[in-house]
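Just so you know, ligand 1 is whichever comes first in the structure, and atom 1 is the first atom listed for that ligand.
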Amino acid sequence: MPVNKIHAAIQFAALAHGQQKRKGTEIPYLVHPFEVAQLLTAEGAPEELILAGLLHDTLEDAHIAPEQIEEEFGRAVALLVLSASEDKTKSWEERKAHTVEYLQRDAPYEALLLACADKLSNLRSIAADHESEGEAVWDRFRRGRAQQRWYYAGLLRAFAPLQDTGMYQEFCVLFEEVFGC
Ligand SMILES: Nc1nc2c(ncn2[C@@H]2O[C@H](COP(=O)(O)OP(=O)(O)O)[C@@H](OP(=O)(O)OP(=O)(O)O)[C@H]2O)c(=O)[nH]1
């Protein structure tokens, strides 16, 4: 795998996310796409998927145009990043329902792997913050525990084709830890 492409994607994501922080924390945003790329690397993912992992939030959260990604990293990477991007003009319920439906019905296997790495990274931080802060963890999000449980349960169902992966197994454990009754 050519290291220079990975370096280019790291640089692109670092510039795009700039000074952004993870919700309600002082953690640099870049930590999240790095973790997603690391999870995908551990699953033996191909280069285009690792590049997409590094770049996956640059359209949605950093106002980069898909054409820019296509020009620098190719069409396959741009399509994967688009698959991981929500339409922020829609309501939270519409966006999350659309994401779950897309993953359940239409997502190609690579897009499913990318989404699983992305949501697992988010669920890891929720689990860690839930452990230290308890129910106050939900205050940083647009919706509380009940709606987040509905969303993550939908994701869990959609990720069923990945049941042999380490990512899916960790997702199940953390779902139970955070949302189990
Ligand atoms: N768990 C967690 N999430 C954070 C953190 N910082 C930013 N996020 C983002 O917050 C989103 C969940 O927050 P909400 O308030 O429920 O929803 P919204 O930002 O999409 O409107 C996640 O989106 P998502 O749709 O679930 O995934 P994504 O594809 O946008 O990454 C994730 O991108 C953090 O420290 N922990």
Side chain, backbone, both or neither: the part of Asn122 lying under 4.0 Å from ligand 1 by heavy atom: both

Side chain or backbone of Lys88 under 4.0 Å from ligand 1, or both, or neither, by non-hydrogen atoms? side chain

Should Phe141 and Ile126 be marked as a side-chain contact (heavy atoms from CB on, under 4.5 Å) after you check the CA-CA gap, both sets of side-chain angles, and the distance that decides it? CA-CA 10 Å; Phe141 299 114; Ile126 291 174; 4.0 Å; yes

Nearest to atom 21 (O) of ligand 1 by heavy atom, Lys119, Arg22, Arg142, Arg140: which?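 Closest candidate by heavy-atom distance is Arg142.
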
Checking heavy-atom distances from atom 28 (P) of ligand 1 to each of Leu155, Val137, Thr25, Asp118, the winner is Asp118

Please report whether ligand 1 has a polar contact with [X], defined as an N or O pair separated by less than 3.5 Å (distance criterion only).
{"X": "Lys23", "value": "yes"}
{"X": "Trp92", "value": "yes"}
{"X": "His56", "value": "no"}
{"X": "Glu60", "value": "yes"}

Relative to the heavy atoms of [X], which atoms of ligand 1 are at a distance of less than 4.0 Å?
{"X": "Glu86", "result": "20 (O), 25 (O)"}
{"X": "Ile126", "result": "1 (N)"}
{"X": "Tyr151", "result": "24 (P), 25 (O), 26 (O)"}

When you measure from [atom] to every protein heavy atom, which one gives the shortest distance, and what is it?
{"atom": "atom 12 (C) of ligand 1", "value": "Phe141 CD2, 3.7 Å"}
{"atom": "atom 20 (O) of ligand 1", "value": "Lys96 NZ, 2.8 Å"}
{"atom": "atom 36 (N) of ligand 1", "value": "Ser125 OG, 3.1 Å"}

Testing the 3.5 Å rule here: is there a donor-acceptor pair between the side chains of [X] and [Y]?
{"X": "Gln38", "Y": "Thr41", "result": "no"}
{"X": "Glu177", "Y": "His130", "result": "no"}
{"X": "Glu35", "Y": "Ser121", "result": "yes"}
{"X": "His32", "Y": "His56", "result": "yes"}
{"X": "His17", "Y": "Gln20", "result": "yes"}

Only residue of Phe171, Phe175, Tyr168, Tyr109 satisfying ring-ring contact (aromatic ring centres under 6.0 Å, His included) with Phe159 is Phe171

Cationic N near anionic O, under 4.0 Å, Glu133 to Arg140: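 Answer for the salt bridge query: yes.
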
Which label fits Phe12 and Phe73: parallel for a plane angle under 30°, tilted from 30 to 60°, or perpendicular past 60°? perpendicular

Parallel, tilted or perpendicular: rings of Trp92 and Trp150 (30°, 60°): tilted

Tell me whether ligand 1 is touched by Lys21 - counting only heavy atoms on the residue side and a distance under 4.0 Å.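 No, that is not the case, since the closest heavy atom of the residue is not under 4.0 Å from the ligand.
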
